[in-house]
Colleague: 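This is the structure I have questions about; it appears just below.
Residue numbers begin at 1 in each chain, while the letters A, B, ... track the order of the sequences.
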Amino acid sequence: MRVSKLFMSTQREVPSDAEIVSHQLMLRAGLMRKAAAGIYSYMPLGYRAYRKVEAIVREEMDRAGAQELIMPAVLPAETYMASGRWEKFGPEMFRLKDRGGRQFCLGPTHEEPFTEAVRDTIRSYRNLPVTLYQIQHKYRDEKRPRFGVVRSREFVMKDAYSFDVDEAGLDKSYLNMKEAYCKIFDRCNLDYILVDADSGAMGGSGSQEFMVKSAVGEDAIAYCPSCDYAANEEKAPCPKVEAPKDVEMLEMEKIETPHVKTIEELMEFMKSEPTAFAKTILYNIDGKIVAVMVRGDREINETKLGNLFDATEMNLASFEEVERVTGAAVGFAGPCGLKEKIEVIADYEVAAMTNFIVGANETDFHFKNVNIGRDFTPDRIVDVRGAVEGDPCPKCGKPMSMCRGIEVGHIFKLGTKYSDALHCIYLDKDGKENSMIMGCYGIGVSRTLAAIIEQHYDENGIIWPMSVAPYQVIVVPTTSQDETVVKMANEIHDALEKAGAEVLIDDREERAGVKFKDADLIGIPIRITVGRKAAEGKVEYKLRAGSEVVEMTAEEAIAAALKEIEASK
RNA sequence: CGGGGUGUGGCUCAGGUGGUAGAGUGCUUGCUUCGGGAGCAAGAGGCCGCGAGUUCGAGUCUCGCCACUCCGACCA
């Protein structure tokens, strides 16, 4: 391909609305263009790289025995009504009506149509298990699209769904997908970790996320440097804590704390560490007010809390609710002397505290020397705080570390949530009806492309791994005036192309510097420069990822490039 | 959904107190250059986000709307 003919424009300046490196580079290298917030078109170079990722995904899915099909992007409302998700998705779903007023949506995820398809096709256990997948655009009207293609409103996802006769079958299907995912992300040259995740609104018994380590990732991950344990911060369990023995319970006192509402203010006022306080936060969980207590320096993990109550809707209690339940202004809630009888949940750490400070449920007052058992009794003592750096690993007990990651893949054991709702059943050997056991498995294809760039760039631009590079080699003649140079460059290009390589030749009437800058920016893995030593039959061979420039003959360069490409397969 | 910010050539931005729009970069042409985004010269390119209003006159002031964006909350 001739660069002079390539539909591409690179940009010197960083577009003002791009925050993270991958987004900036994708725009600067002209891989994509923004159409609206969170909606992008791919230009030829970007689309080629995208299709490389897609091809890897497709190959590994096929190899794993999954069968590809394609569902509509526009789906009728009824498809989502039976499972309750027409309501549950809320404003995040793009909705539309046809001319007759019938309701449709742009598919945000496709459990329902896949389940319907299997329900209507398979009746017998003899035809199970089956795993189906598609690579399709998904639509979610995100509250806040950002980071380019990392969190967008239109994106491509590979979603797969497995249907089994029993749990053992699901385990097998799940493991099969997990292995395929590892191969896919390995082939994309991603440094990722597999973490335990919350199965959330998808329901089901287990799930794991494939996280690409990145400082700009939106998820926090707790991982153990000593063993292989890793979990999403919202999933990582925090252990029970032993209460110190033989601590004398001091007499409880009410103390006046005028205008001292926050933990910071309390620390200042009481001259104490945050570990001496327990904060009490009121939540409205599906219409019920609940008090949740964690140590002063901890954060409540709303995912854990929601799971405790199997909540569908959960919010911080309103000011009015807080005042009604505590009889005090916001900031003075505590477990003792609540005006209304509500459930009190205490974190494990709180249960181990002695002589601590809590709100007095009276404006401008706190209690000190409060003790569990004597002064109040929590209804439940549970794990509701988020994991933090240094927490013991649940597997080996050593201190854990925290990092951030971009979620590129997620695998779930769904169970029968959708097969029950949509009556997706099979007949077993005894002719008895059973719900199929499902799993679902997603990969954000467009997001994966961005994640690859996040891990492969330098100050000059993208450094594509060979496996996903839009072109594998770029031939750069440093001048278009010298016939020897032009001829040799063309010969190299033609020879490489003939040998099956994907190769660009920068035949533009540009100065060498411009061509080098562009070659670096768009990240082509191998560069062959034909210039001043062309007359002696020599060219320069350079890898984008390295800094070494090797002089060799054209034939040697061609052979080296082909070898490099072969080695990456 | 709450709070902030910004909308001016393709891109990055400048345009006190109202007077009919500018720079850099990119683009076109010519000359000189020619190995890491060259120099000089000459050009092309703008419903100044949209709609009202104030005014003789609005990029600039007022009001409304829209879009984009950042922080937070939220999120298979």
Colleague: Rounding to a whole Å, what distance do you find between A/Gln24:CD and B/C70:C1'?
Modeller: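 Whole-Å distance recorded here is 14 Å.
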Colleague: We want to know whether A/Glu154 and A/Tyr139 form a side-chain donor-acceptor pair, criterion being a heavy-atom distance below 3.5 angstrom.
Modeller: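 Side-chain D/A pair, A/Glu154 to A/Tyr139: present.
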Colleague: Is A/Asn460 touching bases, backbone alone, or none of the nucleic acid, heavy atoms closer than 4.0 Å?
Modeller: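 The residue A/Asn460 makes no contact with any strand.
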Colleague: Within less than 4.0 Å of OP1 or OP2 of B/C34, is there a side-chain N or O belonging to A/Lys515?
Modeller: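 No, no such contact exists.
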Colleague: Output the single nucleotide from B/C75, B/G26, B/G36 whose closest atom is nearest the side chain of A/Glu92.
Modeller: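 Ranking B/C75, B/G26, B/G36 by closest atom to the A/Glu92 side chain puts B/C75 first.
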Colleague: Measure from CG on A/Leu27 to C1' on B/G10 and round the result to the nearest Å.
Modeller: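 Whole-Å distance recorded here is 14 Å.
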Colleague: Could a donor-acceptor pair under 3.5 angstrom be found where the side chain of A/Glu13 meets the base of B/G37?
Modeller: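 It does not, because no donor-acceptor pair links the side chain of A/Glu13 to the base of B/G37 below 3.5 Å.
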Colleague: Below 4.0 angstrom from OP1 or OP2 of B/U12, is there any side-chain N or O of A/Ser16?
Modeller: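 Yes.
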Colleague: A/Arg511 side chain N/O closer than 4.0 Å to the phosphate oxygens (OP1, OP2) of B/A38?
Modeller: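 Yes.
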Colleague: If you only use heavy atoms from C-beta on, which nucleotide in B/C70, B/G10, B/C68 is closest to the side chain of A/Arg146?
Modeller: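 Nearest to the side chain of A/Arg146 among the choices is B/C70.
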Colleague: The side chain of A/Lys143 lies closest to which of these nucleotides: B/U69, B/C1, B/U12?
Modeller: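 Output: B/C1.
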Colleague: Is the phosphate of B/G26 approached by A/Arg12 (side-chain N or O, under 4.0 Å from OP1 or OP2)?
Modeller: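 For A/Arg12, the contact criterion (side-chain N or O under 4.0 Å from OP1 or OP2 of B/G26) is met.
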Colleague: A/His23 NE2 to B/C11 P: how many Å, rounded?
Modeller: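 One finds 14 Å between P of B/C11 and NE2 of A/His23, rounded.
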Colleague: What is the separation between atom CD1 on A/Ile522 and atom P on B/G36, rounded to the nearest whole Å?
Modeller: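 Those two atoms, CD1 and P, are 19 Å apart.
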Colleague: A/Glu19 has an atom CD; how far is it from atom P of B/C70, in whole Å?
Modeller: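 One finds 5 Å between P of B/C70 and CD of A/Glu19, rounded.
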